[in-house]
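Beneath this line is the structure, given in C-alpha cells, with notes to follow.
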Amino acid sequence: MDLRAVRGMNDILPEQVRRWHQLEADFRLHAELYGYAEVRTPLLEHTSLFSRQMGETTDVVEKEMYSFERHGEQLTVRPEGTASAARAYVEHSVHAKEPITRWYYLGPMFRGERPAKGRYRQFYQAGCEVLGDAGPVCDAEMLDLIAGFLRRIGVPDFTIHVNSLGSAGTRGRYRDKLLEYFTPLRDRLSEDSQRRFERNPLRILDSKDPRDQEAAKGAPSILDLLDDDDLAHWKGFLHALDVLGLPYVVDPGLVRGLDYYTRTLFEVKAVGSDLGAQSTLLGGGRYDTMIESLGGPKVPAIGFAMGLERLLTVIPEPPPRRGPGCFIAPIGAAAADRALLLARELRSFGVRVELDGRGVKLKPMLRRADALGARLCIILGDGEIERGVVTVKDLVGHAQDEIPFEGAARVLADRVSEPSPDISHARGLR
RNA sequence: GUGGGUAUAGCUCAGGUGGUAGAGCACUGGAUUGUGGCUCCAGUUGCCGCGGGUUCGAGUCCCGUUACUCACCCCA
C-alpha cells in the first residue's frame, strides 16, 4: 500500500466509532447536567490567536502547530480548544448578555508532535469552560463534573492533582525564588533541566529524571508565596472539594505547559493503566487574565480539556453491537421484489433490517444472518409466495414457522421486541 | 528533534547455524437441490516494507531507507 493516512492521524473504523459515540454522549450528558451548552468554533484560526494566548515560548506554539499562509493570512489548525472558545466569547460580546457562561466543546485538535501511545497528531478533546465566575466553588464543581463523568464511563482508578499558581505576580516571584534555589545545584540537573533552567524553571519540578527529583527535594513551594486573595481562593477551593468528598493530592510541583494559567491548576491521571507516560487524562485550570489580554472585558475564567483517545484506552470495552432485528433472505427474482417492500415496511416499524440482495443460495445468506447476530431471518422463496406467507426462523433459538405475508411487518415487529426464547443459545454475536 | 524495538497472507503470528514460504483465525465451496452456529473435507489469498551489498543461492547475514511502534522532550 502506497497510500496511507498521514502520520499521527488515524482512521476510526465503525467498530470503534461506537465507543466514541458512547463516550461523547456521556460527556454531553454530564456537561449539560452542570449547565454547560455546546459551542462549535472553526478548526482554523489566525495563528496569532494561539501564539498570544498560549505563550510564545511554549513548545506547542514553537514547533507543534500546523500553520500555513493562505491568501495572505497566517492560519493555524487549532492545537487546543480554549483559545478559540475565548475568542468566540469576546467576539460575540457574550459577557454583556449573561454574567456567567458555561460552554463545552468536542472535536479534533492538531499538534505536530512525534506520535506515541495516547498521543497523536490529530487527536480529540472534550472540554469545558466557565467564564465570568471567579469563585473557588466553581473550580471544585468542575472537578465534581469530571469525577462523575470519569466514573460513569468506567475509568477504573484515577487521582486528582491540584495546585495553585497564584496570580501573575506570584508566578514571577516564585520563578525568581526557584532560580535562586536551583542556581547552586545547576550542574547536577539533567540536560533537559539545564535547558528548562533558562526557559521555564517551574518545569524542573515535574521532571521524571531522578537527578532533578533529588535536586528539587528542598525547593520552595509556590503555595508559600500566595498573597491573601490567592490564598483565600485556594483554601476555598480545597474546602469545596472536601465538602464534595472528592479525594485530591496537593502537588506543588504541578505546572502545566501553557502560559495562561493563574491560581487553580489541576490534572487527572489514570492509575494503573497501560497508558505509559501519557497517563494524564485531562488537565485544566483558571485563566483569569486571558479574556482581557485578548482585548475583551475583565472576565475570570476556568476550563479543562481531556484527551478522548486516552480515555478510550482506559475504559472497558462495551458489549458487542446487537444484530439487526430481521435479516431477509429472498430466493429468486419474485421474492426479491417482495423482500424489498417488506424490508422498508419493517423499518417503518422501527425494526433494524438487513436485506440480502446478493442473489446467492440460502445457506450463505443464513450464515451471514448468523454472523450479524440477527434475531430473526425471514426466508422468502417461491413456495412462500405461492402460499402467501413468509418463513420466520428464530436465529437465537431454532424455531421456524410461517406467517401470512399480509400484515407480516407488524407481527414481526412485535416478535422482535419479545425476549429471546432461549438466551443460552445466544452465541455468534461476537 | 533524540533514543530503542518491529516490519512475512485481510487479521494474529511461526519460520535454530542462508537452500527459493507456513499455522490459526477469517473468507469460499462441499458433506446438507431452500436452512445458520458445532464438526469434518477441500480451496483462495503473499513484489517476506523498499533499495543496495555479500553469496552458486537471502524471508534469514550486512548497509541504507521508509513506515509503524514505544520512550524522551512536551502534552490531552
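In the text below, chain A, chain B and the rest are named by the order of the sequence lines, each starting its count at 1.
In this structure, the side chain of D209(A) does not engage the main chain of S190(A) through any donor-acceptor pair within 3.5 Å. A donor-acceptor distance shorter than 3.5 angstrom exists from the side chain of R171(A) to the backbone of Y261(A), with no hydrogens or angles considered.
Ranking rA76(B), rA67(B), rC73(B) by closeness to the E113(A) side chain, first place goes to rA76(B). For D370(A), whose side chain is taken as the heavy atoms from C-beta onward, the closest listed nucleotide among rU35(B), rG3(B), rG37(B) is rG37(B). Residue K208(A) places its side chain closer to rC72(B) than to any other of rG36(B), rG34(B), rC72(B). With rA76(B), rU32(B), rG37(B) as the candidates, the nucleotide lying closest to the side chain of K363(A) is rU32(B). With rA71(B), rG34(B), rG36(B) as the choices, the nucleotide that has an atom nearest any side-chain atom of K117(A) turns out to be rA71(B). Listed candidates were rA76(B), rG37(B), rU2(B). Nearest to the side chain of E309(A) is rA76(B). When each of rG30(B), rU2(B), rU35(B) is scored by its nearest atom to the side-chain atoms of L366(A), the top-ranked nucleotide is rU35(B). Checking rC74(B), rA76(B), rA71(B) against every side-chain atom of Q125(A), the shortest atom distance belongs to rA76(B). Checking rG34(B), rG29(B), rA71(B) against every side-chain atom of L362(A), the shortest atom distance belongs to rG34(B). Here rG34(B) is the nucleotide among rG34(B), rG3(B), rG36(B) with the atom lying nearest to any side-chain atom of I379(A).
Counting distance only, with no hydrogens placed and no angle test, the side-chain atoms of E384(A) and the base atoms of rG34(B) include a donor-acceptor pair under 3.5 Å. For R119(A) and rC74(B), a side-chain-to-base donor-acceptor distance below 3.5 Å is present, hydrogens and geometry of angles not being considered.
rC68(B) and rG53(B): their C1' atoms are spaced 26 Å apart (whole Å). rC48(B) and rC74(B) have their C1' atoms separated by 38 Å, given to the nearest Å. Across rG29(B) and rA67(B), the matching P atoms stand 41 Å from one another, rounded to whole Å. A distance of about 11 Å separates the C1' atoms of rU12(B) and rA26(B), rounded to the whole Å. Nucleotides rU44(B) and rU54(B), compared at atom C1', are 37 Å apart to the nearest Å. The same atom, P, is picked in rG19(B) and in rA58(B); the two are 11 Å apart, to the nearest Å. Taking atom C1' on both nucleotides, rG52(B) is separated from rA9(B) by 27 Å, rounded to a whole Å. Nucleotides rG10(B) and rU17(B), compared at atom P, are 26 Å apart to the nearest Å.
A straight line from CZ of F123(A) to C1' of rC75(B) spans 8 Å, rounded to a whole angstrom. The interatomic distance linking L254(A) (CG) with rA76(B) (P) rounds to 11 Å, in whole Å. Atom CE in M65(A) sits about 18 Å away from atom P in rC74(B), given to the nearest Å. Whole-Å rounding puts the D209(A) CG to rC74(B) P distance at 11 Å. With rounding to whole Å, E402(A) atom CD is found 18 Å from rG34(B) atom P. As a whole-Å value, the separation of K361(A) NZ from rG36(B) P is 12 Å. Spacing between atom CG of L205(A) and atom C1' of rC73(B) amounts to 17 Å, rounded to whole angstrom units. One atom, CZ of R203(A), and another, P of rC72(B), lie 13 Å apart when rounded to the nearest Å.
For rC75(B), neither phosphate oxygen OP1 nor OP2 lies less than 4.0 angstrom from any side-chain nitrogen or oxygen of K269(A). One finds a side-chain N or O of R7(A) lying less than 4.0 angstrom from the OP1 or OP2 phosphate oxygen of rC68(B). Contact annotation: R367(A) does not reach the phosphate of rU35(B) (side-chain N/O to OP1 or OP2, under 4.0 Å).
Put simply, CG on D370(A) and NZ on K393(A) are 10.0 Å apart, with the number rounded to the nearest 0.5 Å. Here the CG atom belonging to L340(A) is positioned 13.0 Å from the CZ atom belonging to R338(A), to the nearest 0.5 angstrom. Note that the NE2 atom of H233(A) and the OG1 atom of T262(A) stand 8.0 Å from one another [nearest 0.5 Å].
The number of heavy atoms from other shown groups lying within 6.0 Å of NZ (K269(A)) is above 12. Within 6.0 Å of CZ on R410(A) lie no more than 12 heavy atoms contributed by other residues, nucleotides or ligands.
Nucleic acid contact for R310(A): base, since at least one base atom lies under 4.0 Å from a heavy atom of the residue. At the heavy-atom level, R196(A) lies under 4.0 Å from the strands shown only through sugar-phosphate atoms. Contacts of E80(A) with the nucleic acid, taken as non-hydrogen atoms under 4.0 Å apart, are absent. Heavy atoms of Y120(A) sit under 4.0 angstrom from at least one base atom. Heavy atoms of G127(A) sit nowhere under 4.0 angstrom from any nucleic acid atom. Within 4.0 Å (heavy atoms only), A369(A) reaches no atom of the nucleic acid at all.
Checking E384(A) against T391(A) by side-chain atom types alone, a donor-acceptor pair falls below 3.5 Å.
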Revision key, fill the gap. Annotated structure of RNA chain B as dot-bracket, pair cut-off 3.5 Å, Watson-Crick or G-U only, | for inter-strand, is (((((((..((((.....[..)))).(((((.......))))).....(((((..]....))))))))))))....
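We find that E80(A) and R78(A) are not joined by a salt bridge, their nearest charged nitrogen and carboxylate oxygen being 4.0 Å or further apart.
Of the two residues near RNA chain B, G383(A) and R114(A), the one whose nearest nucleotide lies more 5' is R114(A). For the pair E267(A) and V6(A), both in contact range of RNA chain B, the more 5′-proximal nearest nucleotide belongs to V6(A).
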Practice item. For the pair R28(A) and E32(A), evaluate salt bridge (charged side-chain N to carboxylate O under 4.0 Å, His left out) and give the outcome as yes or no after the intermediate values. Key: CA-CA 6 Å; R28(A) 287 201 159 88; E32(A) 300 273 352; over 6 Å; no
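Ring pair F304(A)/F266(A) is tilted by interplanar angle, where 30° to 60° counts as tilted.
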